[in-house]
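Each ligand, and each atom within it, is numbered from 1 in the order the structure gives. Fair warning: this is a prediction, and the values are worked out from it, not measured in the lab.
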Amino acid sequence: MAQMVMGRIPEGLEDGKEEISPTEELASEHGMLDRIMLAMDHRLKMAGTGGKADLGVINTACGMIRQLVDQHHMVIEEEHIYPRFEDTELADLAKVLRNQHIEMRKIVARMENLSKTGAVRDKSEMEELKRLFMDFHDMVMAHAAWEQTVLFPVMAGTWSEDELEELKEKQEEHEKKLLGKDATKKAYTMLMDLEKSAGISGLNDYTRRAK
Ligand SMILES: [Fe+2]
Ligand SMILES: [Fe+2]
């Protein structure tokens, strides 16, 4: 069975991204990060436990996380979302989420550094890289799950239409400032290029059969 070919942005996707709500946009960005992490995981599994592995894909993935998540998604949350929860019953949750962003940035910086030359120097560095990745992965899974099951629905239920609309405009403006006017196209192209260089040919690569 032919796999759905990647490398092409389906019609309607770019227009649809402009139509979805700000919380759907944030959730979609979580999905982007999941796909980046899946590509990293795939590459790290292929790398085995020895040193001298080509880690260019990991390095590129870290750069993408910095650009698309750290400098965009996290900034939107830190400047326009978390402050709105600081005097509410979700203040503690907002504080933990904010702290996790700090730790995520530190872990990504360390992973980017370890993968910089395209090859880790020895087995212990490879093990460190894998451990950092698992820590990052687990933290992101929990972080995004709490945002999507608690924070985002509360926003949709308590913010006015105008406030949500204003947030959506800020997201679009910020994204365009970072990536230019074809921001969606650029982000998806970067993601698909990363998946391709990680050796992923499509969604079906992840299909598992019950044994
Ligand atoms: Fe967050
Ligand atoms: Fe988030």
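Distance check for Gln100 against the Fe ion (ligand 1): none of its N/O/S atoms falls below 2.8 Å.
Atom OE1 is the N/O/S atom of Glu147 found closest to the Fe ion (ligand 2). Atom OE1 is the N, O or S atom of Glu77 at the shortest distance from the Fe ion (ligand 1).
Rounded to 10 degrees, the NE2-metal-NE2 angle spanning His73 and His30 at the Fe ion (ligand 2) equals 90°.
Between His30 and Phe152, the ring-plane angle classifies as parallel under the 30° and 60° cut-offs.
Of the possible donor and acceptor atoms, none in the side chain of Ser28 sits under 3.5 Å from a partner among the backbone N and O of Glu24. Side-chain N or O atoms of Lys176 include none that pairs as donor or acceptor with a backbone N or O of Ala183 at under 3.5 Å. The backbone N or O of Glu25 sits nowhere less than 3.5 Å from a side-chain atom of Lys168 that would complete a donor-acceptor pair.
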